[in-house]
Amino acid sequence: MARRDIRRQAGQGSGDGPPRGGSPKAGRSKRSIWVKILVWLAALGALACSLVFGIVYFEAQSLPSLEALKSSQNGQTILVRARDGSQLVVIGPSYGQWLDYDRIPSVMKDAIVSTEDRRFRDHIGIDPIGMMRSAAVNVKSGHRRQGASTITQQLARNIFLNNDRTFSRKIKEIFIAMALEWKFSKDQILELYLNKVYFGGGAYGVDAASRKFFNHPGTQLSLPEAAIIAGLVKAPSHYSPTADAQAAVDRASVVLDVMEDAGSITPSEHAAVHLDKVKMAAEPAQNSVRYFTDWALPQLDTLIGTDNTEPVEVWTTLDPKMQSAATAAVAANAPKGAQGALVSLDRDGSVLAMVGGTDYVTSNYNRATQAMRQPGSAWKLFVYLAALESGVKPDDPINDEPVTIDGWTPHNDAGRYAGQIDIRTAFAYSKNTVAAQLGQKVGFDQVAAMARRFGITTSIATNPSMVLGTNEVRLIEMARAFSEIQAHGSSVTPYGIVKVVTSSGRVLYQHPQPQGQTLVAPFVAAGMTDLMQTAVNIGTGRAAQIGRPVAGKTGTTSSNKDGWFMGFSSGITTGVWMGRDDAHPVPGLQGGTAPARAWAQYMRTAVAGRPAEPFDTQLKLPEWQLEPDDQAGMGDPNAYFSPDDQGNLVGPNGQPLPPQQSPQPGAGDADQQQPVPEAPLVQQPQPVPAAPKKKPTAQPGFGIY
């Protein structure tokens with residue numbers, strides 16, 4: 001009994017230590033703690049889920065509709081087309097046409113899903129398995145090597161966020177991705193992605209990428225083409241075919257391997273693909289073309305305003321064939337170390353070609369529209385226009401001799417003087433002394449006013465030396481002035497944009513039909529054309545002959561710093577300038593050499609498809625400028641007899657007219673019966689035929705200024 005009591009007492013505990021196996025009360029206490037923890041965790045989880053659910057729900061409610069997302073753009077695309085409709089350049093992002101899910105080729109959808117998000121159909125916008133795999137790879141490598149963004153997350157980032165690698169941006173991306181999955185179906189998300197993702201080269205969306213890289217719509221993509229496009233998403237700038245075609249092909253080979261591994265294509269389909277046979281679209285030449293687009297496109301703000309955000313197509317006047325010929329002509333003839341520029345206008349002012357320098361990549365400064373240089377003797381256009389308008393005629397005689405005007409003494413080239421010549425010869429051989437005399441005769445202010453009338457906007461000093469082209473001008477303005485002579489003295493405004501159309505076909509701008517205003521009378525323009533034609537036929541512009549009528553003028557500044565040739569033929573006016581940007585002399589550079597040769601080289605191509613047009617150089621003078629001999633042929637010879645103080649008719653020499661010669665009013669046919677003396681007592685004045693034009697002979701000693 002005693003032992004049992006002792007055992008029982010020991011079992012009940014004496015306070016020396018805890019009972020064996022723990023007390024039921026202690027066990028219950030531990031279990032309750034764990035239950036509480038689990039309950040709290042469940043509550044917190046439920047709260048977190050509710051919070052996430054609420055955030056995702058409200059985020060989904062705030063998302064735009066599918067139609068709104070289809071129409072949204074991140075920037076305006078400007079597609080510039082040439083005169084023939086061919087693409088010149090694309091400015092800004094290119095989006096192409098929106099392709100609905102069913103119109104996107106299956107190979108394109110399979111390529112993207114296999115490459116970017118193989119479990120796309122199974123997740124809720126985020127892929128936990130992919131995230132864990134990515135984390136493991138990154139931890140093992142010690143730096144970020146692999147991302148875990150799903151297609152939905154990429155879509156959320158492309159549309160609503162940016163590429164900042166911050167924790168807050170990633171959290172936002174996750175919530176927006178889940179909201180997208182809540183609101184849209186998988187097919188709709190994939191449709192949005194394939195029409196929004198950036199594929200490089202400015203192309204957003206499958207259709208834009210297909211057109212840019214393969215020159216056909218996205219609906220016609222083949223398996224190898226789809227593999228190339230799908231491979232661009234990883235690094236668009238690196239794998240773009242326009243940047244590195246071989247890198248694009250190598251990346252596409254990896255995409256095909258992934259597609260086979262994912263079961264999207266069979267091994268036989270993979271083996272049948274020959275990536276080296278894929279025909280890539282040629283990148284449009286954008287070198288010298290950019291001089292033109294840099295000049296034309298800024299005009300859009302004035303033509304269509306800034307409210308339109310739709311992609312637009314800008315149809316221009318540029319002729320690709322002529323542009324290529326102009327680029328080649330300038331490059332082939334510009335002296336070493338010198339720059340060159342060319343502007344070519346059609347008869348209505350449309351710019352057919354524009355070259356602003358020998359290479360756009362090395363210098364985008366547009367010397368055709370921005371540079372201001374001295375035109376030399378090309379400026380004499382305005383001097384002779386003012387003289388012709390004042391009554392001077394091409395056949396009028398003038399002395400080529402030393403002159404001094406207000407202390408200024410101009411000199412001809414080589415200091416030679418021809419003596420008495422006519423105006424036509426003086427212009428053909430660019431006689432400086434004659435230009436000075438004409439400028440003094442008509443007034444230097446009148447020469448400046450004539451230049452203003454013909455579109456020169458730069459400042460003009462009216463000192464005597466201005467007749468030799470000491471004022472600076474722009475090439476495009478000089479080309480305009482010469483084209484206005486070809487237009488028989490009517491105004492011509494250079495333009496480069498024909499129409500602007502939105503992607504939906506809405507016409508935002510259409511160039512109006514030009515309405516030329518008369519700048520000078522047609523007889524003045526005809527006289528000027530006569531002079532310029534002679535300058536090319538026998539004068540300083542002989543190097544510009546192209547086997548058809550040409551009218552033009554050379555220009556050379558002091559020390560051969562600038563060389564010009566301006567002229568027109570068959571409805572096309574072209575101006576060429578050459579020189580150094582630093583205005584240093586260029587040995588051998590004269591208007592009649594390199595510029596005239598470049599002009600001729602270009603114009604042979606430019607006018608090849610046009611009929612030769614003879615010039616109208618007949619001077620149909622106004623009545624106030626007719627000579628008495630010309631008036632004699634216009635009416636009754638008796639008009640030369642007039643009454644004296646006593647009322648008797650007298651002849652031009654004052655001798656009285658005999659009675660039988662006096663006109664009798666109302667005689668009619670009966671007067672034919674009257675006896676007529678064999679010869680009149682006073683010789684009647686007879687019309688004198690106009691003297692034939694005197695063609696000057698070549699005088700090489702006159703120089704080329």
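Between the CZ atom of R83 and the CD atom of Q323 there is a distance of 12.5 Å, given to the nearest 0.5 Å. Atoms CG and OG1, on L352 and T317 in that order, are 6.5 Å from each other to the nearest 0.5 Å. Atom OG of S483 is separated from atom CD1 of I476 by 10.0 Å, given to the nearest 0.5 angstrom. Rounded to the nearest 0.5 angstrom, L221 CG and L99 CG are separated by 8.5 Å. We find the CD1-CG distance between I151 and D117 to be 5.0 Å, quoted to the nearest 0.5 Å. Atom-to-atom distance recorded for I228:CD1 and F199:CZ is 12.5 Å, nearest 0.5 angstrom.
Under 3.5 Å, the side chains of S344 and Y602 contain a donor-acceptor pair of N or O atoms. Judged by distance alone, the side chains of S185 and D187 never bring a donor and an acceptor atom under 3.5 Å apart.
Taking the ring centre of F120 as origin, the terminal cationic atom of K186 falls inside the region bounded by 6.0 Å and 45° from the ring axis.
In this structure the side chain of V233 reaches within 4.5 angstrom of the side chain of I112, judged on heavy atoms. Residues K70 and D100 have side chains in contact (heavy-atom distance under 4.5 Å, counting atoms from C-beta outward). M354 has its side chain within reach of N366: a pair of non-hydrogen atoms, C-beta onward, lies under 4.5 Å apart. The shortest side-chain heavy-atom distance between S86 and R81 does not fall under the 4.5 Å cut-off. Side-chain contact check for N364 versus R290: every heavy-atom pair is 4.5 Å or farther apart. Considering only heavy atoms from C-beta on, I572 comes within 4.5 Å of M322 through its side chain. Looking at heavy atoms from C-beta onward, V314 lies in side-chain contact with I497 at the 4.5 angstrom threshold. The shortest side-chain heavy-atom distance between I78 and L300 falls under the 4.5 Å cut-off.
Heavy atoms only, all atoms of each residue included: S570 and R548 are closest at OG-NH1, 2.7 Å. The nearest pair of heavy atoms linking S264 to E269 is O-OE1, 4.4 Å. Minimum interatomic distance between R103 and W98 (heavy atoms only, all atoms of both residues): NH1-O, 3.7 Å. Smallest separation of non-hydrogen atoms from P217 and S210: O-OG, 3.1 Å. Nearest heavy-atom pair across A598 and A329 is O-CB, 3.5 Å. The shortest heavy-atom contact between P512 and Y509 is CD-OH, 3.6 Å.
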Apply the test salt bridge (Lys or Arg N to Asp or Glu O under 4.0 Å) to residues R251 and D244: give CA-CA distance (whole Å), side-chain angles for both, the deciding distance (0.1 Å), then the verdict.
CA-CA 11 Å; R251 173 62 181 164; D244 190 338; over 6 Å; no
Go through E181 and H123 one step at a time and tell me if the side-chain contact (heavy atoms from CB on, under 4.5 Å) criterion holds.
CA-CA 9 Å; E181 293 277 353; H123 59 64; 3.7 Å; yes
Would Y365 and Q370 count as a side chain to side chain donor-acceptor pair (under 3.5 Å) if you check the C-alpha gap in whole Å, the side-chain angles of each, and the deciding distance to 0.1 Å?
CA-CA 8 Å; Y365 180 59; Q370 295 175 287; 5.8 Å; no
Test salt bridge (Lys or Arg N to Asp or Glu O under 4.0 Å) on D102 and K109 and set out the steps.
CA-CA 10 Å; D102 294 335; K109 292 180 282 192; 5.4 Å; no
Mind running side-chain contact (heavy atoms from CB on, under 4.5 Å) on V498 and Q510 for me, showing each step along the way?
CA-CA 6 Å; V498 177; Q510 183 80 45; 4.2 Å; yes
In sequence, state the C-alpha distance, the side-chain angles, and the governing distance for D261 and D257, and then conclude on side-chain contact (heavy atoms from CB on, under 4.5 Å).
CA-CA 6 Å; D261 183 64; D257 292 339; over 6 Å; no
Can you list the steps and then say if E225 with Q220 is a side-chain contact (heavy atoms from CB on, under 4.5 Å)?
CA-CA 9 Å; E225 292 172 342; Q220 302 174 12; over 6 Å; no
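Checking side-chain atoms of D346 against main-chain N and O of D348 turns up no donor-acceptor pair under 3.5 Å. Under the 3.5 Å distance criterion, the side-chain polar atoms of S149 are left unmatched by any main-chain donor or acceptor of Q153. Using a distance-only test at 3.5 Å, with no hydrogens or angles considered, a donor-acceptor pair links the side chain of R480 to the main chain of V492. Between the side chain of T358 and the backbone N or O of A331, no donor-acceptor pair lies under 3.5 Å. With hydrogens and angles disregarded, no donor-acceptor distance shorter than 3.5 Å links the side chain of D207 to the backbone of G96. A donor-acceptor pair is defined here as one N or O able to donate and one able to accept, closer than 3.5 Å; such a pair exists between the side chain of T115 and the backbone of A111. Not a single donor-acceptor pair under 3.5 Å links the side chain of E260 to the backbone N or O of L256.
Screening D359, D581, D294 against R367 for a salt bridge (charged side-chain N to carboxylate O under 4.0 Å, His left out) leaves a single residue, D581. Looking at F568, F565, W577 one by one, the single match for ring pair (Phe, Tyr, Trp, His ring centres under 6.0 Å) with W599 turns out to be F565.
In this structure, H511 and Y495 have parallel ring planes: the angle between them is below the 30° cut-off, well short of the 60° mark.
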